[in-house]
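A short worksheet on the structure shown next.
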Amino acid sequence: AMGCASSRLTESDAYLVFKAYDKNHDGKIDAAEVKSLLRDLGLEYTPGYVRSALRQMDEDKNGTVEWPEFEVWYRKNKPLQEARKLFKKYDKNKDGVLSLDELQMLLRDLKFQGEVSDAFQEMDRNRSGTVDMDEVVYWVSNRNRGQLKKMFDSYDTAPKDGKLNKKEVKKLLVDIGQDSREENVNEIFAKMDKDGNGVITFDEFFSWFARIQAIQDCMDLFCEYDEDDNGRIDLLELGKLLKDLSLEAEANEVMTIVDRDKDGLIALDEFINWYMGSHKIKRLREIFTQYDSNKNGSIDKGEFMYVLSDLGLPTDDKNLEKALREVDRDGSGVVEFSEFCKWYKYDV
């Protein structure tokens, strides 16, 4: 596996954390579970902050947080969690503040490359001669987001309006080593442009970038378990991975699903498609089952009407027939699960 020798295992952390706080194992985290999570991560957990965090996580606004939503939020906030852990580690006398020497050790662990004295001055907003946890976390938060904002702003050229057009996004993608072919740029741009207005705001860019980081972590995880460094994961390596991630699945069953070319090994692209998609597919199965009222494994026209209604789409006969034709690709008159997934833009 090229580049695997220097990879790191990232605790498989996001998913393990999600599972730990999904107390009733329903694949969702509710407000009470979010509060417990924030408290245990050392973050603010007042009612107002819990509501704010829930709004940030809950992208589809259904009142709960599913795994894909949690992963994006967790990746964004992971540097803050690390900063809090390091603060506690270097606050040797437990007085709630760090001296310049203690801060130097913390910044070393954060791989900070600049002048420690400058960073100290930036953090010490009340000019007390020490820095407390809130000041450190505030600085780390703004530094990470600020670095991405500087990158974003550098591509926001003409007009400089706080948004990126497709040409500006293409230049950014080229500079960070992404495939610059037109079809790839169009695909990435569409993923960034959540509101579909033809331009990219910083928040849209920031969400996309967090997703890219999650994919990189997925690649690192693959490399960690590719023990013989041959660019493939075999059945034994897969078994170890499933055990370490506490995923309740048999290696043989997973291999059958993931190994699309049936060579008995899992390539990186097969692994990413499975690992990044498996939790989403589980959620889609839950949604599908909710509308499959007679539990016959398909959604008929009457059941599909409720799908459209809950999505806020028109349900008159003309629009219902049109939507059903789009989803029902094999013309059977009902919607199977695979068709349902593809309609949601997931190809299974």
Side-chain angles (χ1 to χ4, degrees), residues 5-23 29 32-54 56-57 70-150 206 209-210 213-214 216-217 220-221 223-224 244-246:
S6 62
S7 70
R8 72 210 185 282
L9 180 63
T10 60
E11 311 169 277
S12 323
D13 51 330
Y15 186 56
L16 294 181
V17 171
F18 181 82
K19 283 188 68 177
Y21 288 90
D22 177 18
K23 302 295 186 185
I29 295 178
E33 292 163 336
V34 168
K35 179 179 179 179
S36 298
L37 167 72
L38 296 174
R39 181 191 63 228
D40 293 348
L41 289 177
L43 300 172
E44 188 84 37
Y45 59 96
T46 59
Y49 194 90
V50 172
R51 286 194 298 271
S52 175
L54 188 59
Q56 291 174 29
M57 296 182 197
F70 176 79
E71 184 180 29
V72 171
W73 177 86
Y74 188 87
R75 299 299 176 192
K76 289 179 184 177
N77 286 272
K78 190 177 177 184
L80 310 189
Q81 301 159 28
E82 184 65 19
R84 288 177 182 273
K85 288 178 185 176
L86 290 174
F87 185 96
K88 292 175 181 177
K89 175 182 176 181
Y90 290 113
D91 181 17
K92 303 290 188 183
N93 58 3
K94 309 302 177 190
D95 63 352
V97 294
L98 298 183
S99 66
L100 181 60
D101 290 340
E102 290 170 331
L103 181 65
Q104 184 172 4
M105 292 185 285
L106 182 150
L107 291 175
R108 179 195 62 205
D109 283 4
L110 287 177
K111 297 180 173 56
F112 176 65
Q113 301 293 323
E115 288 292 331
V116 175
S117 57
D118 291 343
F120 187 86
Q121 290 298 318
E122 291 173 9
M123 290 184 206
D124 184 19
R125 291 179 292 160
N126 62 2
R127 300 295 177 253
S128 64
T130 58
V131 292
D132 60 27
M133 183 181 286
D134 287 341
E135 288 174 323
V136 171
V137 169
Y138 180 86
W139 180 83
V140 170
S141 172
N142 282 277
R143 174 173 171 259
N144 283 279
R145 190 176 174 91
Q147 287 173 332
L148 282 177
K149 186 67 166 67
K150 285 180 182 177
F206 191 68
F209 200 86
Q213 287 180 310
Q216 181 60 55
D217 284 344
D220 291 339
L221 185 65
C223 290
E224 184 70 22
D244 290 349
L245 295 184
S246 301

Compare every heavy atom of [Y] with every heavy atom of [X], then report the nearest pair and how far apart it is.
X	Y	result
F87	D132	CE1-C, 3.4 Å
D124	G129	OD2-N, 2.9 Å
Q121	R127	O-NH1, 3.0 Å

Please answer whether the main-chain N or O of [Y] pairs with a side-chain N or O of [X] as donor and acceptor at a distance below 3.5 Å.
X	Y	answer
R108	L103	no
Q104	V116	no
D91	G96	yes

Check the pair K89 / D109 against side-chain contact (heavy atoms from CB on, under 4.5 Å), numbers first and verdict last. CA-CA 11 Å; K89 175 182 176 181; D109 283 4; 3.5 Å; yes

Establish, yes or no, whether the cationic atom of K19 lies under 6.0 Å from the six-membered ring centre of Y21 and within 45° of the ring axis. no

Rounded distance [0.5 Å steps], [atom1] in [X] versus [atom2] in [Y]:
X	Y	atom1	atom2	answer
Y90	L98	OH	CG	10.5 Å
E102	K92	CD	NZ	8.0 Å
E33	L54	CD	CG	11.0 Å

From the list V34, D22, L37, side chain to side chain contact (heavy atoms under 4.5 Å, CB included) partner of F70 resolves to L37

